K.L.:
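Have a look at this one before I ask anything.
Every value quoted in this text rests on a predicted model; they were computed, and no experiment measured them. Order of listing sets the numbers, starting from 1, for every ligand and every atom in it. Numbers here simply count residues along the sequence, with the first being 1.
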Amino acid sequence: MIRRAAATTVVLALAAVFVSASGRQGHAQDLSAGANAFKKCQPCHAVGEGAANKVGPTLNGLEGRRAGSVEGYSYSEANKRSGIVWNEQTFKEYIQNPRAVIPGTKMIFAGIKNETEIANLWAYLKQFGPDGKTK
Ligand code: HEC
């Protein structure tokens, strides 16, 4: 009886370890899925330490950044005047259909429709502070 209770405790403890490990894995997967989604942006955008403007501006420090505010990047008037501040909500709306949210933008990108992909992409991008280091 006592042995049996001990065995049950071990099983429960293992189950707890398994649940927390798979929880962590789920998080890591979001970020790696986000990094994978970012490949669609990479022809035009860089992010991370040492990122520079390309066809499009760097995406470092995007959370809380005003649209059209990256130093040394030549934006369209439409982007500069959009009045958008980038956060989870504005980003998710924009990336589904950039030209609908900023008519006249020079970002030529059809958009991403899949909500999970967008959520993973945002989780990936918001990690990077203005200096390109992960927060
Ligand atoms: C073909 C090139 C291209 C691709 C691909 C592209 N972008 Fe852009 N992006 C641009 C350009 C160019 C601008 C500047 C728009 C303007 O000034 O009108 C821009 C602007 C932006 C902005 C606004 C930045 C600011 O400072 O206001 C965000 C956010 C953004 N892109 C995110 C993304 C993400 C995320 C992806 C991938 C899912 C992506 N872009 C794919 C070219 C691209």
K.L.:
Is the count of non-hydrogen atoms from other residues, nucleotides or ligands lying under 6.0 Å from E77 atom CD greater than 12?
P.N.:
yes

K.L.:
Quick one: closest heavy-atom pair of N79 and G68, and the distance?
P.N.:
OD1-N, 3.0 Å

K.L.:
Which atoms from ligand 1 have a heavy atom of I95 less than 4.0 Å away?
P.N.:
33 (C), 34 (C), 35 (C), 36 (C), 38 (C)

K.L.:
S74 versus ligand 1: do any nitrogen or oxygen atoms come within less than 3.5 Å of each other?
P.N.:
no

K.L.:
With respect to atom 12 (C) of ligand 1, which of F91, Y73, W122, Y124 exhibits the smallest heavy-atom separation?
P.N.:
Y73

K.L.:
Considering the heavy atoms of V55, write down every atom of ligand 1 situated less than 4.0 Å from one of them.
P.N.:
12 (C)

K.L.:
Taking 4.0 Å as the limit for heavy-atom contacts, which would you say applies to I84 with ligand 1: side chain only, backbone only, both, or neither?
P.N.:
neither

K.L.:
Just go through G104, P98, S76 and tell me whose heavy atom is the nearest to atom 16 (C) of ligand 1.
P.N.:
S76

K.L.:
Where does I108 meet ligand 1, judged by heavy-atom distances below 4.0 Å: at the side chain, the backbone, both, or neither?
P.N.:
backbone

K.L.:
Counting backbone and side chain alike, does C44 bring an N/O/S atom below 2.8 Å of atom 8 (Fe) of ligand 1?
P.N.:
no

K.L.:
Taking the six-membered ring for Trp and the single ring otherwise, decide whether the centroids of F91 and W122 are under 6.0 Å apart.
P.N.:
yes

K.L.:
For ligand 1, which part of F109 has a heavy atom less than 4.0 Å away: the side chain, the backbone, both, or neither?
P.N.:
side chain

K.L.:
Please could you name the atoms of ligand 1 that T105 approaches to less than 4.0 Å, counting only its heavy atoms?
P.N.:
15 (C), 16 (C), 18 (O)

K.L.:
Check A67 against ligand 1 and report side chain, backbone, both or neither, counting heavy atoms closer than 4.0 Å.
P.N.:
both

K.L.:
For ligand 1, is any non-hydrogen atom under 4.0 Å from F38's backbone (N, CA, C, O), its side chain (CB onward), both, or neither?
P.N.:
neither

K.L.:
Side chain, backbone, both or neither: which applies to H45 and ligand 1 if a contact is any heavy-atom pair less than 4.0 Å apart?
P.N.:
side chain

K.L.:
If the cut-off is 4.0 Å to any non-hydrogen atom of K40, which atoms of ligand 1 fall inside it?
P.N.:
5 (C)

K.L.:
What atoms in ligand 1 come closer than 4.0 Å to a heavy atom of W86?
P.N.:
23 (C), 24 (C), 25 (C), 27 (O)

K.L.:
Could you tell me whether K54 atom NZ has more than 12 heavy atoms of other residues or ligands within 6.0 Å of it?
P.N.:
yes

K.L.:
Are V47 and V70 connected, step by step, through hydrophobic side chains (Ile, Leu, Val, Met, Phe, Trp, Tyr) whose heavy atoms are closer than 4.5 Å?
P.N.:
no

K.L.:
Mark the output for A78 as yes if a heavy-atom distance to ligand 1 is under 4.0 Å, and as no if none is.
P.N.:
no

K.L.:
Could you give the side-chain donor-acceptor pairs of residues 99-113 under 3.5 Å, partners two or more places apart or in another chain?
P.N.:
unit_1: T105; atom_1: OG1; unit_2: M107; atom_2: N; d: 3.1
unit_1: K106; atom_1: NZ; unit_2: S74; atom_2: O; d: 2.6
unit_1: K113; atom_1: NZ; unit_2: Q96; atom_2: O; d: 2.5

K.L.:
Taking only non-hydrogen atoms of P43, do any sit less than 4.0 angstrom from ligand 1?
P.N.:
no

